[in-house]
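As structure tokens, the structure follows; a few thoughts come after it.
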Amino acid sequence: MPGIVGLVTKQSREWAEPQLLRMVESLRHQSSYKTGTWINESLGIYVGWAARENSFSDGMPLRNERRNLVLIFSGEEFPEPGTALRLKERGHAVEAKGPSYLVHLSEEDPAFPGGLNGRFHGFLVDQARGAATLFVDRYGLHRIYYHESKEAFYFAAEAKAILAVRPETRRTNVRGLGEFISCGCVLGNRTLFDAIHVLPPASAWVCRNGSVVRKSQYFQPAEWENQDPLEPESYYRELREVFSRDLPRYFNGSARIGVSLTGGLDTRMILAWWKAAPGSIPCYTFGGTYRNCQDVLIARRVAQSCGQSHEVIRVGQEFLSQFAHYAERTVYLTDGCADVSRSPVLYANERAAEIAPVRMTGNYGSEVLRRLVAFKCSDPNPGLFHPELVPHFHEAKTTYDSLLQGHPVSFIAFRQVPWHHWGLFALEQTQLTPRSPYLDNDLVRTAFRAPDASFVKKAVFANNDDCLHLIADGNATLSKIRTDRGIGGRRGPSAALSRGLLEITFKAEYEYDYGMPQWLARTDHLVSRLHLERLFLGRHKYYHFRIWYRDTLSRYVREMLLDPRTLSRPYLQRKKVEDIVRGHLKGDRNYTTAIHEVLTLELLHRLFLDSK
């Protein structure tokens with residue numbers, strides 16, 4: 001993933017520089033990545049970076065006119081219109097395009113980086129003061145890992161960069177492992193690796209004299225939580241004003257932008273308000289091989305209505321024939337934060353990058369505007385893991401439940417986004433530049449002002465009225481097209497029937513795939529010659545791991561999970577793993593989720609913990 005790496009130390013350059021070079025090389029996942037280093041030996045600062053060519057953060061480092069300020073920045077920032085012009089008027093030498101304004105903004109804004117808007121991290125060095133600041137965006141989405149040793153303070157966009165130079169960190173953090181198995185992500189600022197942590201959201205840590213001297217945050221969620229709620233009509237007017245005003249920022253830049261369309265509301269809101277010229281914004285949707293799923297069918301209508309092209313990126317036999325490669329790369333590129341079930345996403349984003357280097361998505365829209373909690377804490381498969389891990393599963397549940405007690409938007413923006421969503425974001429970012437307007441500072445701030453009636457102390461806020469209203473105000477034609485779940489569109493008995501059928505097919509597909517209970521798996525096995533999957537699958541999803549593991553990928557599953565190395569892992573119960581593999585591959589049991597977990601953990605060991 002593009003980002004920065006570095007170390008702050010009092011050790012000699014001969015000791016530090018080779019480590020820096022090794023850390024930079026660990027981020028070079030594609031030959032097209034641009035890399036570099038910047039060193040100030042007297043300050044004990046060694047920093048490097050990797051950036052996608054022609055991306056926003058290509059062209060580091062940035063310097064001011066006096067060259068006493070040096071900024072290494074990664075990610076994207078979406079400023080207020082006219083920011084660069086205002087800096088020019090104040091005498092700064094700002095380039096017309098790109099991020100050069102940022103280093104000059106740091107001179108003018110004493111709260112820097114507090115006023116920045118986007119997903120980013122950076123390292124600002126004030127050579128005159130002999131100090132540097134390591135910072136990350138207020139949501140912590142553009143993650144920074146760190147490790148503190150007696151010799152140096154290490155930081156990196158990917159944990160593997162630290163693992164490459166500090167062998168003592170190649171141990172599993174047991175608490176993090178318990179959270180990962182129970183919740184699908186590590187909570188807090190922990191990681192899967194011992195002594196490697198994550199910089200908290202909105203961090204601005206100051207380094208001086210070869211060490212970290214202050215750990216602070218430039219923003220606290222309470223600043224937005226304490227706003228007065230608005231009445232329903234006032235809230236909608238504010239939401240519409242902010243969304244329509246700020247959306248154009250996300251279409252700036254010279255890079256070609258493609259819209260990743262789904263059948264839902266969030267990408268449709270974007271197209272409803274971005275009045276693009278016909279044929280100027282390529283649209284695409286991820287699809288499967290059984291049939292055109294609802295996402296494809298609806299997205300095609302939306303794109304056509306807006307006068308834009310549309311194509312389907314199909315995940316099928318080509319992907320399955322290379323599954324071992326994509327599974328391994330998924331775990332490796334995300335430091336284990338995305339499990340093997342995300343491997344179709346890696347494949348699809350490779351193809352999306354061929355269409356456009358920037359991928360506009362509706363990510364985080366449902367979460368921020370409708371308060372959708374996208375993950376939960378679940379009990380692992382009974383008997384799969386060693387009893388010594390059970391207390392950590394209970395601890396994960398306690399931690400998760402306590403986090404839900406606060407403001408629902410705070411949980412989503414400052415916990416769910418940097419912990420649960422990060423693995424997918426990191427995976428996408430290795431192939432292209434993902435963008436979404438739904439973490440815009442003004443928009444999230446506005447979401448905290450939803451009417452009192454919306455502030456129920458529950459994790460899910462499913463009212464779609466404001467989003468439907470927003471689409472209708474932006475493009476009335478788009479509001480007449482129902483979503484993949486039957487929301488919106490025309491009303492009446494036929495529409496209600498259509499929505500009911502869509503809900504039935506959605507739930508039926510889940511029950512036939514991931515969620516198939518064991519009694520139904522036995523029945524399905526008895527009638528396997530009928531290939532009932534052709535009836536149920538592909539209507540809403542484009543990947544089908546229960547069937548894939550049972551059939552096409554059975555050899556890979558067997559070879560990986562029944563390998564003596566896998567069966568010898570101390571946290572696994574060997575007999576249970578064997579039963580899971582044989583039962584699922586025979587077809588009369590459903591252990592899809594357990595296979596995801598064990599495959600991911602085994603690849604994590606082989607790629608990071610067992611390797612030299």
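Just the heavy atoms: all of them, side chains too, but no hydrogens, waters or symmetry mates, feed the values below.
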Evaluate the side-chain proximity of [Y] to [X]: yes if any heavy-atom separation is below 4.5 Å, no if none is.
X      : Y      : value
Leu567 : Val577 : yes
His540 : Thr505 : yes
Tyr364 : Gln416 : no
Thr289 : Gln317 : no
Arg359 : Arg435 : no
Asp524 : Tyr512 : yes
Arg582 : Arg558 : no
Tyr514 : Ser341 : yes

[X] side chain to [Y] main-chain N or O, any donor-acceptor pair under 3.5 Å?
X      : Y      : result
Thr361 : Ser436 : no
His525 : Lys586 : yes
Tyr543 : Gly316 : no
Arg256 : Pro282 : no
Thr334 : Thr330 : yes
Ser305 : Val302 : no
His584 : Arg546 : yes
Thr552 : Trp548 : no
Asp137 : Gly140 : yes
Glu509 : Gly538 : yes

Working to the nearest 0.5 angstrom, can you tell me the gap between [X] [atom1] and [Y] [atom2]?
X      : Y      : atom1 : atom2 : answer
Thr267 : Ile298 : OG1   : CD1   : 11.0 Å
Cys467 : Ile487 : SG    : CD1   : 9.5 Å
Ile257 : Ser280 : CD1   : OG    : 9.5 Å
Leu261 : Cys306 : CG    : SG    : 8.0 Å
Ser55  : Leu432 : OG    : CG    : 11.5 Å
Glu158 : Leu333 : CD    : CG    : 7.0 Å

For [X] and [Y], work out which heavy atoms get closest and say how close.
X      : Y      : answer
Gly263 : Asp295 : N-OD1, 2.7 Å
Phe180 : Leu192 : CB-CD2, 3.7 Å
Ser343 : Phe323 : OG-CE1, 3.3 Å
Gly488 : Arg482 : O-CB, 3.9 Å
Tyr556 : Leu599 : CE2-CD2, 3.9 Å
Gly288 : Tyr542 : N-CB, 3.4 Å

Pair Thr566-Arg606, side chain to side chain donor-acceptor pair (under 3.5 Å): steps then yes or no: CA-CA 10 Å; Thr566 306; Arg606 297 187 186 189; 3.3 Å; yes

Within residues 408-420 or reaching into it, pairs that qualify as salt bridge (Lys or Arg N to Asp or Glu O under 4.0 Å) - sequence neighbours excluded: none

Selection residues 339-354 - residue pairs positive for salt bridge (Lys or Arg N to Asp or Glu O under 4.0 Å), sequence neighbours left out: Glu318-Arg351

Working for side chain to side chain donor-acceptor pair (under 3.5 Å), residues Arg119 and Gln429: CA-CA 12 Å; Arg119 47 100 192 150; Gln429 197 172 219; 2.6 Å; yes

Distance under 6.0 Å and angle within 45° of ring axis: Arg539 vs Phe506: no

Arg522 versus Asn590, side-chain donor and acceptor atoms under 3.5 Å: no

Residues Asp579 and Tyr591: side-chain donor-acceptor under 3.5 angstrom: no

Are [X] and [Y], when compared by the centres of their aromatic rings, separated by less than 6.0 Å?
X      : Y      : result
Trp422 : Phe425 : no
His310 : Tyr284 : no
His407 : Phe414 : no
Tyr290 : Phe536 : no
His605 : Tyr571 : yes
Tyr400 : Phe375 : yes

Ring geometry between Phe545 and Tyr549 (parallel below 30°, tilted from 30 to 60°, perpendicular above 60°): tilted

Ring geometry between Tyr326 and Phe319 (parallel below 30°, tilted from 30 to 60°, perpendicular above 60°): tilted

Asp563 atom CG, neighbour heavy-atom count above 12 within 6.0 Å: yes

Side chain to side chain donor-acceptor pair (under 3.5 Å) evaluation trace for Asp465 with Tyr236: CA-CA 10 Å; Asp465 289 350; Tyr236 174 73; over 6 Å; no

Salt bridge present between Glu367 and Arg371 (N-O < 4.0 angstrom): no

Full working for salt bridge (Lys or Arg N to Asp or Glu O under 4.0 Å) between Arg175 and Glu179: CA-CA 6 Å; Arg175 183 176 179 184; Glu179 292 171 344; 3.6 Å; yes

Derivation and outcome, ring pair (Phe, Tyr, Trp, His ring centres under 6.0 Å), residues Tyr438 and Phe243: CA-CA 9 Å; Tyr438 293 107; Phe243 185 78; 5.8 Å; yes

Steps toward side chain to side chain donor-acceptor pair (under 3.5 Å) verdict (Thr191, Asn173): CA-CA 7 Å; Thr191 73; Asn173 181 291; over 6 Å; no

Worked check of ring pair (Phe, Tyr, Trp, His ring centres under 6.0 Å) between His325 and Tyr332: CA-CA 10 Å; His325 164 77; Tyr332 179 75; over 10 Å; no

Working for salt bridge (Lys or Arg N to Asp or Glu O under 4.0 Å), residues Asp513 and Lys541: CA-CA 10 Å; Asp513 199 2; Lys541 301 294 183 181; over 6 Å; no

Test applied, side-chain contact (heavy atoms from CB on, under 4.5 Å); reference residue, Thr483; option that passes from Arg268, Arg499, Gln294: Arg268

